[in-house]
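So that the names make sense, note that chain A is the first sequence line, chain B the second, and so on, each numbered from 1.
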Amino acid sequence: MITSDFIPIEYDSFDFQGRNYIRIIGRNSKGKRVCILDSCDVYFWAILNEKINQKRLDKIIKRIKEIQLDTKGRKTKVESVEVHDKNFLEKPVKALKIFCTNYKDLHEIASELNFPEIEFRRGYDLGFITHYILEKDIKPLCWYEIQGDIANGKFPGIENLDVDLCIELQKVKPIENENFKPKSLSYDIETDDIKIGEGEILMISLVSDNFKKVITWKKSGNKEKDWGNIEYVKDEEELLRAFIKHVKEISPDFLVGYFSDGFDLPYLRARAEKLKVPLEIGLDGSQPKFSRGRTGGIFTGKVLGIVHIDLLKFIQTAYSPYMQSETMSLNEVSKEFLGEEKKNFKIKHSSLIEDHNWEDYYEYNLQDSVLTSKLFDKIWPDLLEFTKIMQEPIFDISRNGMSANVEDYIIHNLKKFNEIPEKRPIHDEILQRRQRERYEGAFVFEPTPGLYEDIAFFDFTSFWPSIIVTYNLSRSTLLEKKIENSTEIEVLGKKVYFSKKPGFFPQMLKEIIEKRKKYKKELSEKPDAMKRARSNAYKLLANASYGYMGFFGARYYCPEASGAATAIGRIWSKKTIDEINNAGYTTIYSDTDSISFLLNKRSKTEALSFLKELNKRLPGIMELELEGFFKRGIWVTKRTGKIGAKKKYALIDENKKLKIRGFETVRRDWCNLARKVQNNVIKHVLEEGNEKKSLEYLKEVINQIKKRGVNKEDLIIKTQLKKPLLEYKAISPHVIAARRMKERNIPISQGNVIEYFIAESQGKKKLVRDGVKLPQEEGNYDIKYYLKNQLIPSVENIFQVFDIDINEIAEGKKQTKLGDF
DNA sequence: GACTGAACTATACC
DNA sequence: ACGGGTATAGTTCAGTC
C-alpha cells in the first residue's frame, strides 16, 4: 500500500471487462506525475408515480432486475435496484436507483423501462466522468491524500503510460494545500496555407519554463547570426518528430495554444497523417483525438494525460464582454492583458521570403508562443477558480460557455437538496424551444435630447440575480396553478405563479451572490490574484444565471422565470424612476438596471441619503447603489425624427473622465476618422459646456477631407463576416470586399473582420459597394462618401443639440457643394 | 431613373 | 447550437411611380 498526496488534473475513462474505469492524471506535491485508477457505482434513477402500491412495486423491481442487454459487443445488465426517497424538481418522490454494469448502456436500459408507474427516467446523461466526480467527490485541482496499491498488469496498457506512479485507488481524503504550479508548454505553428493541412508547416515555436525554441526546416541565409533558440531540422517530417520529442521531454501538464482547437492542433494532425509520422504525444503514446465536445459545436483536440488548452475560447467566454479589444486576436488581447504585441512581420508565402527575412519570421513565430505563455500565466488563477467552483475537468471548463458553467455548478450542488438531476433537452425539444415567442425584456427610458449638468447615476446591484433570488423564480418553483401565498406575474399575456418556498436554484444563486460579496470584501482588504479570480468567477456565474433559464439548451430551462424576472424588473425600474421624480429630481435616462437623473441643485450628500431611503423600500436582496456623479452629460436625437435616442449618451465626471455609450466612437464598423472626430467633439462639448470649440475643429476636418489630406488608415472600415460568404442575401460593401479578397487568394472565413475603404470610381456609381477597395489597393478616397456617410452622421446629432445644422457648414460656405463631388 | 419602405446586416447596451 | 431582450443605423432590395 502506497500513500501520496495528489492533485487531479485530467480525467478520462476506459472500459475493462465490460465495466467503466476512471484514469486521473495529476501531480503530487513533489511535482511527480501520478495516475490513479478507480471505478464507482453506475446507476440512474426511475421516478415512480405516487400512487404505486407495494405489490406492484415489488413486481416492477423484479422485472427490472431481469433486464439484460447484449449490444455493441458488450454484455450489460441491471445489477441491483434500490428504493430511495428523493426530490425531483423540489417535489418529494419515491425513486428507484438502478445499478447497471456499464455507464454507456444506461440510456438504453432506461428505454426498456416501459412501466406506466415510472414517470421519469433521469441521471443517465451526465457523462461518466461527471458521474464519477459526483459519486466519489474527487474534484479537479483540489488536493487529496490517496492510498492504494501500485497498479500492476491487471489493466491493459497501463505499463505504457508515461507516469512516475500509478495507483489503484483504495482510500482518499481531501487535504489542505494551496500550492500547485502548473507546468505549461505553449506552442504556435507557421504554415504556407491557412487551410488545414493544405500547406507545409514551416516552423513550430515552443515556450515553457526556461525554454524557448523555434524548430524549422527553412534555413536562414544568415547562419552565423544564430541566436541559439533555433533548431534546424532536415524537412517537415523531422520537424514533426522534433516537436513530438520536445513535448515528451518537457512533459507538461498543459499544452497551450491560441485558437489551437481550430488551427494548430488539427493542422499538426493533418500533416502528420500525410507524412505518416504518428503524432504520439499522449502519455500512453496515443495521438490527439478530436471530438465535438459535450454538445456538438466545433472540434476540440484532446491529448491523453496532457490538457490541451485553447486560450481563445476561455477568453471569449470569461473576459470578452468586459474587454476593450475590438477583436479577440492574439495581438489585441495581448496588448490589453499584457501590454505586449506580436512582432511586426508581414507573412508571405515561404517561396517569396528572402534569405535574410527568415530570422524575422522565426522571431515572429516565437513571440506568438511567448505571448500565449504569458497569457496562460495571467489567466491561470481564473482557470483554476472556475474549475474548482464548477467542479468539472479543466479541459471542459476552458471550453465551456457561461450557460454550461451555470449548469455544471447546479449539477454539482444538487446533492445537498437530495435532488435528482433533470435531463438535457433532446433534439426535438430544442427545436421547439427555439421557436418560442420572445418574452418582453427590460425597460428603456426615452431620453429628451439635450446637454445636462450635475447628474447622478444609480444602478441596481446584480439586477437579475437579485430579482430571481428575491422572488424565488426558477423551473422548480414554477407552479402549475395558483396556490395560497404564491407570487403572481404576467408573462406573454398569461399569468404565471411561483411558490414562496425557496427553490434550489434561487438558493444556490443566493449563495453565489453571498460568496461573491465575501471574496470581494477579502479582496479589497488584502488583494491577490486568487481572491480576484474567485470573486470574479462568482460574479460571472451570478450574471449568467438569468440568461441560463431562457437558454434553449438548459436542463433547467424556464422562460416563464426569465420572463417574470424582466416583468418584475420593469416594475421596480419604473417605480424607482417615479420615486426619484417625486422627490424633486428629474430622470433623464434609464436602461434596464440604471437610472440617471438631474440633481436639480441638491447636494451629493442629499442624493446619497435619498439612495438610502430608496433602498429601504426595495424588497429582499434587491439593492440600488451609486454608480457615480457626473458634471455634464449629452443625449441626442435618433437619426430620423426628433425623438431621443436610447442607448446613446456621453457623460463626463469631475476628473474629466468620459463615459461614452453607443456612439459611433465605440463602434468598430465606423472608420477611425469619424470615430476620432466624434470623440473629440464629445470631449470638447462636455468639457466646455458649449459647441464653439468643436465647431472650429469640425470645419478644419471638413477642409482636410476635401483637400484629400486624410490618411488612408483613418478611412478604413472594418466589418465582421458573420456568416459564410455564400449565405449573404444582401451584398453589402464588406461582402464585396471579402469576395475580392477571395479572388486574390487571401484566405477569409466566417468570423474574419474585413477591411476596406470607399474610393472614387470612374464609371457610374450608384451603390456604396461600387466604390469598395481593399486597403492595399490604390485609389482616391471618395470625398462625398466620407463626408456624407461617415463624418456628418457621426456629429450631426451632437450639433443639433445646439441648433446647429452641420450640413449647411459642410455644403454652403462659398465652397463647393457636396453634390459637386 | 428616382423614390420608398421592407429586409438584411452588424454592432452596441445592459 | 452552445446565455437573454432592446435598440440604432447603414446598405441593399424590390416595389412604386
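Classification of the A:His107-A:Tyr124 ring pair by plane angle, with boundaries at 30° and 60°, yields parallel. The aromatic rings of A:Tyr548 and A:Phe505 lie parallel to each other, their planes meeting at an angle below 30°, with 60° marking the opposite boundary.
Minimum interatomic distance between A:Thr576 and A:Trp572 (heavy atoms only, all atoms of both residues): OG1-O, 2.5 Å. The minimum heavy-atom distance linking A:Pro393 with A:Ile129 is given by the pair CG-CG2, 3.9 Å.
Atom P of nucleotide C:dT8 and atom CD1 of A:Ile798 are separated by 16 Å, given to the nearest angstrom. Atom-to-atom, CG of A:Asn405 to C1' of C:dG4 comes out at 17 Å; the value is rounded to the nearest Å. Here C:dT11 presents its P atom at 8 Å from CD1 of A:Ile758, a figure rounded to the nearest Å. With rounding to whole Å, A:Leu791 atom CG is found 16 Å from C:dA9 atom P. Rounded to a whole Å, the CD atom of A:Glu560 is 13 Å from the P atom of C:dG5. The separation between A:Gln678 atom CD and C:dG10 atom P is 12 Å, rounded to whole Å. Rounded to a whole Å, the OH atom of A:Tyr756 is 13 Å from the P atom of C:dG10. What separates CD of A:Glu796 from P of C:dA9 is a distance of 10 Å, to the nearest Å.
For the contact set between residues 658-671 of chain A and DNA chain C, defined by any heavy atom under 4.0 Å, the members are A:Trp670. Listed by residue number, the members of residues 713-739 of chain A with any heavy atom below 4.0 angstrom from DNA chain B are A:Thr719, A:Gln720, A:Lys722, A:Lys723, A:Tyr728, A:Lys729, A:Ala730, A:His734. Listed in residue order, the members of residues 567-579 of chain A having a heavy atom less than 4.0 Å from DNA chain B come to none. For the segment residues 635-651 of chain A, the set of residues with a heavy atom within less than 4.0 Å of an atom of DNA chain B comprises A:Lys647, A:Tyr649, in numerical order.
Sequence order on DNA chain C of the closest nucleotides to A:Phe551 and A:Gly441 puts A:Phe551 first from the 5' end.
Sorted pairs that involve residues 540-553 of chain A and meet salt bridge (charged side-chain N to carboxylate O under 4.0 Å, His left out), not counting sequence neighbours, are lacking altogether. The stretch residues 720-743 of chain A participates, sequence neighbours left out, in these salt bridge (charged side-chain N to carboxylate O under 4.0 Å, His left out) pairs: A:Arg740-A:Glu777. For residues 503-513 of chain A, the pairs satisfying side chain to side chain donor-acceptor pair (under 3.5 Å) are A:Glu511-A:Lys515, with sequence neighbours left out.
In this structure, A:Asn789 reaches the C:dT11 phosphate: one of its side-chain N or O atoms is under 4.0 Å from OP1 or OP2. Distances shorter than 4.0 Å separate none of the side-chain N or O atoms of A:Arg434 from OP1 or OP2 on C:dG4.
Atom NZ of A:Lys517 sits in a sparse spot, with 12 or fewer heavy atoms from other residues, nucleotides or ligands closer than 6.0 Å.
Between A:Lys648 and A:Glu664, at least one side-chain N (NZ, or NE/NH1/NH2) sits under 4.0 Å from a carboxylate O, which counts as a salt bridge. Ion pairing of A:Lys646 with A:Asp591 is absent here, as no side-chain N (NZ or NE/NH1/NH2) approaches a carboxylate O to less than 4.0 Å. With salt bridges taken as basic N to acidic carboxylate O contacts below 4.0 Å, none links A:Lys313 and A:Asp261. A salt bridge does not link A:Glu332 with A:Arg668: none of the charged nitrogens is closer than 4.0 Å to a carboxylate oxygen. One finds no salt bridge joining A:Lys784 and A:Glu760 here, because no Lys/Arg side-chain nitrogen approaches an Asp/Glu carboxylate oxygen to under 4.0 Å.
Relative to the six-membered ring of A:Phe630, A:Lys659 misses at least one condition, a distance below 6.0 Å or an angle of at most 45° to the axis.
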Restricting both atoms to N or O, compile the protein contacts to nucleotides 14-17 of chain C shorter than 3.5 Å, with distance only.
none

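A:Arg399 comes within contact range of no nucleotide atom at all, as no heavy-atom separation falls under 4.0 Å. Residue contacts shown for A:Tyr785 are limited to sugar-phosphate atoms, with no base heavy atom under 4.0 Å away. At the heavy-atom level, A:Ala544 lies nowhere under 4.0 Å from the strands shown. Using a 4.0 Å heavy-atom criterion, one finds that A:Phe552 contacts the bases of the nucleic acid, with or without backbone contacts as well.
In the model, A:Glu625 has no side-chain atom that pairs as donor or acceptor with a side-chain atom of A:Thr461 under 3.5 Å. Checking A:Ser594 against A:Glu627 by side-chain atom types alone, no donor-acceptor pair falls below 3.5 Å.
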Return a table of donor-acceptor pairs under 3.5 angstrom between the side chains of residues 438-446 of chain A and protein atoms on other chains or two or more places apart.
{"from": "A:Tyr439", "atom 1": "OH", "to": "A:Tyr546", "atom 2": "OH", "distance (Å)": "3.1"}
{"from": "A:Glu440", "atom 1": "OE2", "to": "A:Arg570", "atom 2": "NE", "distance (Å)": "3.4"}

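Comparing atom distances between the A:Val768 side chain and each of C:dG3, C:dT6, C:dT12 picks out C:dT12 as nearest.
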Apply the test side chain to side chain contact (heavy atoms under 4.5 Å, CB included) to residues A:Ile806 and A:Leu791: give CA-CA distance (whole Å), side-chain angles for both, the deciding distance (0.1 Å), then the verdict.
CA-CA 10 Å; A:Ile806 286 306; A:Leu791 184 76; over 6 Å; no

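Between the A:Glu407 side chain and the A:Arg555 main chain, a donor and an acceptor come within less than 3.5 Å of each other. Distance alone, capped at 3.5 Å, is enough to place a donor-acceptor pair between the A:Asp770 side chain and the A:Leu767 backbone. Panel note: side chain A:Thr470, backbone A:Ile621; a donor-acceptor pair is recorded below 3.5 Å.
For DNA chain B, the span of nucleotides reached by chain A at under 4.0 Å from its heavy atoms goes, 5' to 3', from B:dC8 to B:dC14.
Direction change of the helix axis from one end of the helix from B:dG1-C:dC17 to B:dC14-C:dG4 to the other is 0°, with five pairs defining each end axis (rounded to 10°).
Here A:Asp669 pairs with A:Arg667 under the side chain to side chain donor-acceptor pair (under 3.5 Å) rule; sequence neighbours left out.
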